[in-house]
**Student:** 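Let me begin by handing over the structure; questions about it come next.
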Amino acid sequence: MKDDIQKVVSQAVESIGKNLDLQDLSVNVEVGMPKKKEFGDFSVNTAMVIANKIGKKPREVAELIIENLPKEKDDLFNKIEIAGAGFINFYVKEEAIVNKLAEIESKGADYGRGNMGQGEKVLVEFVSANPTGFLHMGHSRNAVVGDTLGRILDASGYDTVKEFYINDAGRQMNLLGESIFIRYKELFGDKQELPEDGYKGEYVADIASQIKSEKGDSLLKDYSKEESTEYCKEYGKGILLEEIKKDLADINVHFDEWYSEKYNIHSSNNGSDGSKLDQIKELLNSKGVLEEREGALWFKATEFGDTQDWVLIKSDGSPTYFLADIAYHFDKYERGFESVVNVWGSDHHGHVSRLKAALRSLGLDESRFNVVLIQFVRLMREGKEVAMSKRAGSYVTMRDVVEEVGSDVMRFFLLMRSSESHLDFDLDLAKKESSENPVYYIQYAYARIGSIFRKAQEEGVVQSNENLALLRAPEEIDLVKKLLLFPEVVEDSAKSLAPHKVAYYLQELAAQFHVYYNKCRVVDDDKQMSAARLYLIQCAQTVLGNGLNLLGVSAPERM
RNA sequence: GCGCCCGUAGCUCAGCUGGAUAGAGCAACGGACUUCUAAUCCGUAGGUCACAGGUUCGACUCCUGUCGGGCGCACCA
């Protein structure tokens, strides 16, 4: 619909340009939808934008544009008006709107999919938690937003890969190995204190006893301490990764790649080139952006816009996480991804500027590098914040919350706010099965349509688009207009990497449907009217279903 | 001290990248079930868009400053 208006207005501007001999009159016509009904279905501010170039008052220019609209306007509009400072308001013929339903019907599950991405390869990396424990609430927002972004980008024509970067190298993993080994030794009566920042959760002891039942006491007798710790580390990683996968699968989050830092970045597993770590160090060195200072190797980030320089190789010779991360991101581009999206917790925002500096120093286009920062989740119960202290061991795992509220509610609640604002997750609201709960509100609209179709089948009425012109009630025209907006919402959501826009749209669409339901009876004595209305609500159900699917939320036939 | 995010109705939040009289849900109050699901709908009330300047035809939106809240600023990850 918007396309149609953009087309005719552009044509009008073009012919004005010709008539007045103004070559560069071309303008990007932006079609808006007024909030107020009395301003029409669509409006255009083009007259105000080009008034200066033409040298006339905006309202005069608006008249000129209307005069120059192509003839086909008569088929599209009931009325065209000039209003305010120079807006042109279009009142579209109901029939023109209603006929657009055919597109929804024919595309079905593909309605809403677009080609904005043009097959561009994009890597969406998210969660990427250390496999040293269970996922907590903080991870869950990251997981759901990342997964949904992947779905939305995919629907927008990007060749999308969702990746979990396994941080299985470095200090945290060593601590896990040590912690498990200490618990293991405890099982043989050798009691020792865990290190200061060791892992204290019960699962550590559980893993230790699993090792005991498999290996007996051989870790004490047959292996060195280093070998045993390494064994514990790898064993624990395997178990915890499975737990993480299970938790994620429970909220419908799936990855295409599980990419190991240790294996892919730290190890030299393909011949003589050395590890990615060595390669990137050499590459940076060849660009002259490194410097030795106080026994360590530094990246001169200040030369590339960051506020300070950063260590890449510590004075003990070991690499920092930052070096590994540069290597990892370089590796993403080497694997052929044209752009990357990273979903990070907001506490990592300091990392953005230095990584950008590093990419810049390598001559990479930083516009291909996108970061979505996720603000914190506060878990609320009975109006009070649920304390989540890892140190006190009282943090709430994602699993606990999913068991309490279910996957659909979990996902929707974490998606319905803009990622960049803090989120209060209200457990009491989440558990309510009522109008207060927006998830059920949307699902209920979907289920209601299912119910109408069951009724229609009983009555022997079948949907049809033969008499769509019968659909003239304001409520049904509004519903159709809302439905037609869906592709644009998906595209906008992809463009701005903001899944909450889809969630909002679905709430509005559901509201529009509920209004319609209460106003117009679908299955009724008038068979032709019933057939047309069934066709309409079929389309509504398609869009609701496609939208819920994008969010990874189920669409129930009955509730 | 420096940097990032946030500040919109009593509460939780949208606001289409600068448009017309500021939007929704919850909470409050009043209505609608012999009807395809009342997990719904209709109505009432609720605002100095933190504050002060600036940019222009036009600012919740962009710029500067101030105040408040969150988070970063390691030879940790």
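Numbered from 1 within each chain, the chains take letters A, B, ... in sequence-line order. All values below were derived from every heavy atom in this structure, side-chain atoms included, with hydrogens, water molecules and symmetry-related copies excluded.
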**Student:** Under 4.0 Å between any heavy atoms, over every strand shown, what does A:Glu508 touch: base, sugar-phosphate, or nothing? Just pick one.
**Tutor:**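 Contact class for A:Glu508: none.
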
**Student:** A:Phe513 ring centre to A:Arg448 NZ or CZ under 6.0 Å, with the angle to the axis within 45°?
**Tutor:** no

**Student:** Is a salt bridge present between A:Glu163 and A:Lys332, judged by a nitrogen-to-oxygen distance below 4.0 Å?
**Tutor:**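 No, A:Glu163 and A:Lys332 are not salt-bridged.
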
**Student:** According to salt bridge (Lys or Arg N to Asp or Glu O under 4.0 Å), does anything in residues 499-509 of chain A pair up with another residue at least two apart or in another chain? List the pairs.
**Tutor:** A:Lys482-A:Glu508, A:Asp492-A:Lys501

**Student:** Side chain of A:Asp424, heavy atoms from C-beta onward: which of B:C16, B:C36, B:U12 has the nearest atom to it?
**Tutor:** B:U12

**Student:** Pick the P atom in B:A24 and in B:C5, then give their distance to the nearest Å.
**Tutor:** 29 Å

**Student:** OP1, OP2 of B:C73 versus side-chain N and O of A:Arg354: anything below 4.0 Å?
**Tutor:** no

**Student:** Separation of A:Asp306 atom CG from B:A74 atom P, in whole Å?
**Tutor:**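 Atom CG in A:Asp306 sits about 12 Å away from atom P in B:A74.
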
**Student:** Can you tell me, in whole Å, how much space there is between the C1' of B:G72 and that of B:G54?
**Tutor:** 31 Å

**Student:** Please check if the side chain of A:Asp306 supplies one atom and the backbone of A:Ala357 the other of a donor-acceptor pair under 3.5 Å.
**Tutor:** no

**Student:** Would you call the rings of A:Trp258 and A:Phe164 parallel, tilted or perpendicular, where under 30° means parallel and over 60° means perpendicular?
**Tutor:** parallel

**Student:** Tell me whether A:Arg558 contacts the main-chain N or O of A:Gly450 through its side chain, where contact means a donor paired with an acceptor under 3.5 Å.
**Tutor:** no

**Student:** Kindly write out the residues that satisfy salt bridge (Lys or Arg N to Asp or Glu O under 4.0 Å) with A:Lys56, not counting sequence neighbours, or none if the list is empty.
**Tutor:** none

**Student:** Has the side chain of A:Asp168 got a donor or acceptor atom that lies under 3.5 Å from a matching backbone atom of A:Ser260?
**Tutor:**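 No; judged by distance alone, with no hydrogens or angles, the pair does not exist.
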
**Student:** Taking the P atom of each, how far is B:C2 from B:G10, in whole Å?
**Tutor:**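 One P to the other, the span is 34 Å.
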
**Student:** B:A38, OP1 or OP2 - any side-chain N/O from A:Tyr517 closer than 4.0 Å?
**Tutor:** yes

**Student:** Taking A:Phe90 as the fixed residue, which of A:Phe39, A:Phe42, A:Phe77 is the one that meets the ring pair (Phe, Tyr, Trp, His ring centres under 6.0 Å) rule?
**Tutor:**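 For A:Phe90, the ring pair (Phe, Tyr, Trp, His ring centres under 6.0 Å) test succeeds with only one of A:Phe39, A:Phe42, A:Phe77, which is A:Phe77.
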
**Student:** Once you round it to whole Å, what is the distance between P of B:C42 and NZ of A:Lys519?
**Tutor:** 10 Å

**Student:** Hey, does the side-chain of A:Asn45 have a donor or acceptor N/O within less than 3.5 Å of a partner on the base of B:G19?
**Tutor:** yes

**Student:** Considering only nitrogen or oxygen atoms on both sides, find all protein atoms under 3.5 Å from nucleotides 6-10 of chain B and state each distance.
**Tutor:**
| from | atom 1 | to | atom 2 | distance (Å) |
| --- | --- | --- | --- | --- |
| B:C6 | OP1 | A:Glu420 | OE2 | 3.3 |

**Student:** I'd like to know if the side chain of A:Arg378 and the backbone of A:His422 have a donor-acceptor N/O pair within less than 3.5 Å.
**Tutor:**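 No; zero donor-acceptor contacts below 3.5 Å.
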
**Student:** Can you tell me, in whole Å, how much space there is between the P of B:A14 and that of B:C62?
**Tutor:**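 Between the two P atoms, the distance is 15 Å.
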
**Student:** On a whole-Å scale, what distance lies between the P atoms belonging to B:U35 and B:U21?
**Tutor:** 45 Å

**Student:** Whether A:Asp478 and A:Lys519 form a salt bridge (side-chain N of Lys/Arg under 4.0 Å from carboxylate O of Asp/Glu) is what I want to check.
**Tutor:** no

**Student:** Between A:Asn518 and A:Asp524, just flag the one whose closest nucleotide in RNA chain B comes earlier from the 5' side.
**Tutor:** A:Asp524

**Student:** Roughly how far apart, to the nearest Å, are B:U61 and B:G18 at atom P?
**Tutor:**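 Comparing P positions in B:U61 and B:G18 gives a spacing of 11 Å.
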
**Student:** Indicate syn or anti for B:U40, taking the glycosidic torsion and treating anything within 90° of 0 as syn.
**Tutor:** anti

**Student:** So what does A:Arg533 hit on the nucleic acid, given a heavy-atom distance under 4.0 Å: a base, only sugar-phosphate, or nothing?
**Tutor:** nothing

**Student:** Parallel under 30°, tilted from 30 to 60°, perpendicular over 60°: which one fits the rings of A:Phe299 and A:Phe322?
**Tutor:** tilted

**Student:** At under 4.0 Å between heavy atoms, what does A:Arg521 touch on the DNA or RNA strands: base, sugar-phosphate, or nothing?
**Tutor:** base

**Student:** Starting at atom CG of A:Leu509, determine the distance to atom C1' of B:U40, rounded to an integer number of angstrom.
**Tutor:**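 Taking atom C1' of B:U40 as the reference, CG of A:Leu509 is at 15 Å.
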
**Student:** Got more than 12 heavy atoms from elsewhere within 6.0 Å of CD, A:Gln528?
**Tutor:**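 Not more than 12 within 6.0 Å, no.
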
**Student:** Would you tabulate the nitrogen or oxygen pairs shorter than 3.5 Å linking the protein to nucleotides 20-24 of chain B?
**Tutor:**
| from | atom 1 | to | atom 2 | distance (Å) |
| --- | --- | --- | --- | --- |
| B:A20 | OP2 | A:Lys35 | NZ | 3.4 |
| B:A20 | N6 | A:Ser43 | OG | 3.0 |
| B:A20 | N6 | A:Asn89 | OD1 | 2.8 |
| B:A20 | N1 | A:Asn89 | OD1 | 3.2 |
| B:A20 | N1 | A:Asn89 | ND2 | 3.2 |
| B:U21 | O4 | A:Glu38 | OE2 | 3.0 |

**Student:** Under a cut-off of 3.5 Å for both distances of each Watson-Crick or G-U pair, what dot-bracket string does RNA chain B give, using [ ] for crossing pairs and | for inter-strand pairs?
**Tutor:** (((((((..((((.....[...)))).(((((.......))))).....(((((..]....))))))))))))....

**Student:** Nearest to the side chain of A:Tyr444 - B:C4, B:A74, B:A39?
**Tutor:** B:A39

**Student:** Specify the separation, in whole Å, of atom CD of A:Glu475 and atom C1' of B:C41.
**Tutor:** 11 Å

**Student:** Within residues 311-329 of chain A, which residues have any heavy atom lying less than 4.0 Å from an atom of RNA chain B?
**Tutor:**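 A:Val311, A:Lys314, A:Ser315, A:Thr320, A:Tyr321, in order of number.
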
**Student:** Quote, to the nearest angstrom, the C1' distance that separates B:A27 from B:A74.
**Tutor:**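 Pairwise C1' distance, B:A27 against B:A74, rounds to 47 Å.
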
**Student:** Looking at B:A39, B:C36, B:G72, which one has an atom nearest to any side-chain atom of A:Met559?
**Tutor:**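 Of the candidates, B:A39 comes closest.
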
**Student:** Counting side-chain heavy atoms from C-beta on, which of B:C73, B:A77, B:U17 comes nearest to A:His348?
**Tutor:** B:A77

**Student:** Could you state the CG-C1' distance from A:Asp525 to B:C36, rounded to the nearest angstrom?
**Tutor:** 13 Å

**Student:** Please measure how far the P atom in B:C51 lies from the corresponding atom in B:A22, and state the result in whole Å.
**Tutor:** 16 Å

**Student:** Do A:His349 side-chain and B:G3 base share a donor-acceptor contact under 3.5 Å?
**Tutor:** yes

**Student:** Using atom CG of A:Leu497 as one end and atom C1' of B:U17 as the other, report the distance to the nearest whole Å.
**Tutor:**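 Distance check: A:Leu497 CG to B:U17 C1' gives 14 Å.
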
**Student:** Look at A:Asp309 together with A:Lys300 and state whether they make a salt bridge at an N to O cut-off of under 4.0 Å.
**Tutor:** no

**Student:** Look at all strands and tell whether A:Val522 reaches a base, only sugar-phosphate, or nothing, counting heavy atoms closer than 4.0 Å.
**Tutor:**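 Base contact.
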
**Student:** CD1/A:Ile374 to CH2/A:Trp344 distance, rounded to the nearest 0.5 angstrom?
**Tutor:** 12.5 Å

**Student:** Identify which nucleotide among B:A38, B:C5, B:G15 has an atom closest to any side-chain atom of A:Arg448, counting heavy atoms from C-beta outward.
**Tutor:** B:A38

**Student:** A:Ser267 side chain to A:Lys262 main-chain N or O, any donor-acceptor pair under 3.5 Å?
**Tutor:**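 Such a contact is found between A:Ser267 side chain and A:Lys262 backbone.
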
**Student:** Give A:Phe453 one of three labels, base, sugar-phosphate or nothing, depending on what nucleic acid heavy atoms sit under 4.0 Å from its own.
**Tutor:**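 If one applies the 4.0 Å heavy-atom cut-off, A:Phe453 turns out to touch nothing in the nucleic acid.
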
**Student:** Could you tell me whether the side chain of A:Asn437 and the main chain of A:Val439 form a donor-acceptor pair under 3.5 Å?
**Tutor:** yes

**Student:** Please report, rounded to the nearest Å, how far the C1' atom of B:A77 is from the NE2 atom of A:His139.
**Tutor:** 11 Å

**Student:** Would you classify A:His500 as touching base, sugar-phosphate or nothing, given that sugar-phosphate means primed atoms plus P, OP1 and OP2, and contacts are heavy atoms under 4.0 Å?
**Tutor:** sugar-phosphate

**Student:** Between A:Leu373 and A:Lys455, name the one whose nearest nucleotide on RNA chain B is closer to the 5' end.
**Tutor:**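 The residue whose closest nucleotide sits nearer the 5' end is A:Leu373.
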
**Student:** With respect to the side chain of A:His351, which nucleotide from B:U40, B:C4, B:A77 is positioned closest?
**Tutor:**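 The answer is B:A77.
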
**Student:** Whole angstroms only, please: what is the NZ-C1' distance between A:Lys56 and B:C57?
**Tutor:** 19 Å

